[in-house]
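What you see is a predicted model, and the numbers here were worked out from it, not measured in a lab. Indexing begins at 1, ligand by ligand and atom by atom, following the structure's order.
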Amino acid sequence: MTSLSHQAGGAAPSLALFCKVVDNFGDIGICWRLSRQLQCEHGVDVTLWVDDLATFKRICPPVDPAAPVQRVAGVTVRHWSGQDGVFTPADVADTVIEFFAVDIPPGYIDAMAQCTPRPVWLNLEGMSAEEWVEGCHTLPSTHPRLGLIKHFFFPGFTPRTGGLLRETGLDAERLAFQADPAARRGFLAALGVSDTEQAAFKVSLFCYPHAPVAALFAAWREHDTPLVCLVPEGVAQDAVGDFLGAAAIPGAAATRGALTVRVVPFMAQPDYDKLLWACDLNLVRGEDSIVRAQWAGRPFVWHIYPQDENLHHVKLRAFLGRFSPQLEAANAFNLRWNDAIDSRGDWSETWRAYFGAHPASAERAEQWQRAIADNGDLASNLLRFAGAVRRQSAQRAI
Ligand code: TRH
């Protein structure tokens, strides 16, 4: 357990995390993962402020979408319903995190300025493999009116970044699951995957609606051996519905040529990890599932969150430059999947080349997850940094 308490009397250190669900599941997915880990592994008294409880419930079913305040897995979850709240210093946590530069309620910031000592204030940024991240990680910025100092904290892939979210027991759990055929069989059977499908090459599919899914399905139909694509409900709905010739609802499945497409339920976060662990290849997206795919130690392809002026292509190339400089066919799949090279037309050759090099991708995926684990995990790194900031401020105050 990392200590960050500055409170007298040994009360648990407190931390408030502010999360706005801008789009999809990644914002709350990341904030929930971080909150849970800070509470479970570090004994931090976490309050998660989130503006969209309904989306939260999709990845964490115990959440009550109507409750303004609730305890979920030891974390206090508060519905963040607006900017107008009135706060006093007693409401302010020892550490305050804004996720993706969200605007914390002005009343909360005013209360932060009235605290003695002042809280540690961090802006947890988005993940990128680009080189500039190392230069910006932990940089301070001073509030123009109140003099509060906020530090930027960047996830990343090198020791000079904040690392990536990873629970302490994750690797052991994953290895045990992957070494236990009965556990895998039981998990997949519960999703409706038949024994015959389980024996096939298994791919999980999570991507944005603009991915060239239909073209990839066409290539997979011509694959030499059976291939099963497991798609959580709501993902690539049009392409999946067209393939099935029916609504893409859980339990729906169809086989054409070598390819079986099966819709599985959209599942709670821990089960989604198991899906990644159980598949031979994972097509993932955004910011959180791509990290989970890396910890799965299995080959993956990333559909990156689109940004204006194709900035996401720069981020994608930066990542591939670190992850797979030698894996030409895997890089071609990733680049084409994101339209960083022309995604139109036939996908047979891209898939054949990728599949031929799949064993090399598998070997690299295992090596890579061991290498990035050496950077420590984001929750521990963040607490260590918060502790250092707190000690520095205390020294300055003497
Ligand atoms: O949902 P996303 O597209 O979220 C995105 C990205 O984070 C993007 O960078 C961000 O700017 C944008 O949101 C606002 O993809 P991501 O990041 O992979 O998050 C998905 C979450 O959903 C992740 O925590 C895994 C979880 N999940 C489940 O819990 N069950 C499921 O069945 C699936 C498919 C995902």
Side-chain angles (χ1 to χ4, degrees), residues 18-37 48 50-52 54-63 72-73 98-102 123-130 133 154-156 164-167 170 187-188 190-193 203-211 213 229-237 240 248-250 262-279 282-296 300-308 311-316 318-319 337-338 378:
F18 285 85
C19 172
K20 253 195 173 51
V21 175
V22 177
D23 205 2
N24 307 318
F25 305 100
D27 307 290
I28 187 57
I30 291 166
C31 289
W32 175 234
R33 213 178 271 298
L34 174 60
S35 300
R36 210 173 29 193
Q37 194 185 352
L48 172 60
V50 56
D51 66 340
D52 179 351
T55 299
F56 189 3
K57 188 174 175 61
R58 295 287 306 281
I59 59 159
C60 180
V63 168
V72 186
E98 58 184 46
F99 181 67
F100 274 9
V102 293
N123 173 17
L124 178 56
E125 278 288 349
M127 178 194 80
S128 175
E130 292 163 283
V133 166
F154 281 83
L164 300 172
L165 280 171
R166 176 175 46 87
E167 300 81 1
L170 184 70
F187 171 75
L188 289 171
L191 292 179
V193 185
V203 185
S204 74
L205 175 64
F206 186 36
C207 60
Y208 296 109
H210 59 277
V213 173
C229 177
L230 302 175
V231 197
E233 184 183 17
V235 176
Q237 234 166 344
V240 171
I249 52 172
R262 171 172 291 284
V263 181
V264 295
F266 193 93
M267 56 208 89
Q269 261 185 343
D271 282 342
Y272 182 63
D273 272 337
K274 288 190 180 143
L275 180 68
L276 300 177
W277 300 344
C279 286
N282 294 304
L283 274 55
V284 286
R285 79 183 199 191
E287 184 138 330
D288 193 47
S289 54
I290 174 65
V291 171
R292 303 315 279 184
Q294 290 170 70
W295 297 134
F300 55 85
V301 171
W302 187 14
H303 204 218
I304 190 167
Y305 189 75
Q307 287 179 287
D308 290 343
L311 273 180
H312 57 296
H313 290 163
V314 177
K315 276 171 88 169
L316 176 65
F319 175 75
W337 189 235
N338 288 279
L378 187 136

Between G26 and ligand 1, does any nitrogen or oxygen pair lie at a separation below 3.5 Å?
-> yes

Would you call L170 and D273 a side-chain contact if the rule is heavy atoms closer than 4.5 Å?
-> yes

For atom 26 (C) of ligand 1, find the nearest protein heavy atom and state the residue, atom name and distance (0.1 Å precision).
-> I59 CG2, 3.9 Å

Atom 13 (O) of ligand 1: closest protein heavy atom, distance to 0.1 Å, is D23 O, 3.3 Å

Hey, what's the ring geometry for W302 with F319, parallel, tilted or perpendicular (30° and 60° as the breaks)?
-> perpendicular

May I ask you to check whether F25 has an N/O atom sitting below 3.5 Å from an N/O atom of ligand 1?
-> yes

Checking Q269 side chain against C60 main chain: does a donor-acceptor pair fall under 3.5 Å?
-> no

Determine, for F266 and R58, whether the Lys NZ or Arg CZ falls below 6.0 Å from the six-membered ring centre while staying within 45 degrees of the axis.
-> yes

Consider ligand 1: state whether an atom of it lies below 4.0 angstrom from any non-hydrogen atom of W32.
-> no

Separation between NZ (K20) and CD1 (I28), nearest 0.5 Å, reads 12.5 Å

For Y272 and ligand 1, does the shortest N/O to N/O distance drop below 3.5 Å?
-> no

From E287, R33, K20 - option closest to atom 9 (O) of ligand 1 by heavy atom | E287

Which atoms from ligand 1 have a heavy atom of Y305 less than 4.0 Å away?
-> 8 (C), 9 (O), 11 (O), 12 (C)

Given side-chain contact (heavy atoms from CB on, under 4.5 Å), test W337 with C207 step by step and report yes or no.
-> CA-CA 10 Å; W337 189 235; C207 60; 4.0 Å; yes

The protein heavy atom nearest to atom 27 (N) of ligand 1 is F266 CZ, 3.9 Å

Pull out every atom of ligand 1 sitting under 4.0 Å from any heavy atom of F100, numbered as shown with elements.
-> 11 (O)

Picking from L283, L230, V264, what satisfies side-chain contact (heavy atoms from CB on, under 4.5 Å) with L205?
-> L283

Using 30° and 60° as the class limits, which term best fits the ring planes of Y272 and F206: parallel, tilted or perpendicular?
-> perpendicular

When you measure from atom 3 (O) of ligand 1 to every protein heavy atom, which one gives the shortest distance, and what is it?
-> Y208 OH, 2.5 Å

Nearest protein heavy atom with distance in Å, relative to atom 28 (C) of ligand 1 = M267 O, 3.3 Å

How far is atom 18 (O) of ligand 1 from its nearest protein heavy atom, and which residue and atom is that?
-> S289 OG, 2.6 Å

Could you check atom 14 (C) of ligand 1 against the protein and tell me its nearest heavy-atom contact, residue, atom and distance included?
-> D27 OD2, 3.1 Å

Residue and atom name of the nearest protein heavy atom (relative to atom 23 (C) of ligand 1), distance in Å to one decimal = D288 OD2, 3.2 Å

Taking only heavy atoms of G29, which atoms of ligand 1 are found under 4.0 Å from at least one of them?
-> 24 (O)

Is the Y305 ring parallel, tilted or perpendicular to the Y208 ring (thresholds 30°, 60°)?
-> perpendicular

Roughly how far, to the nearest 0.5 Å, is CD1 of I30 from CD of E287?
-> 4.0 Å

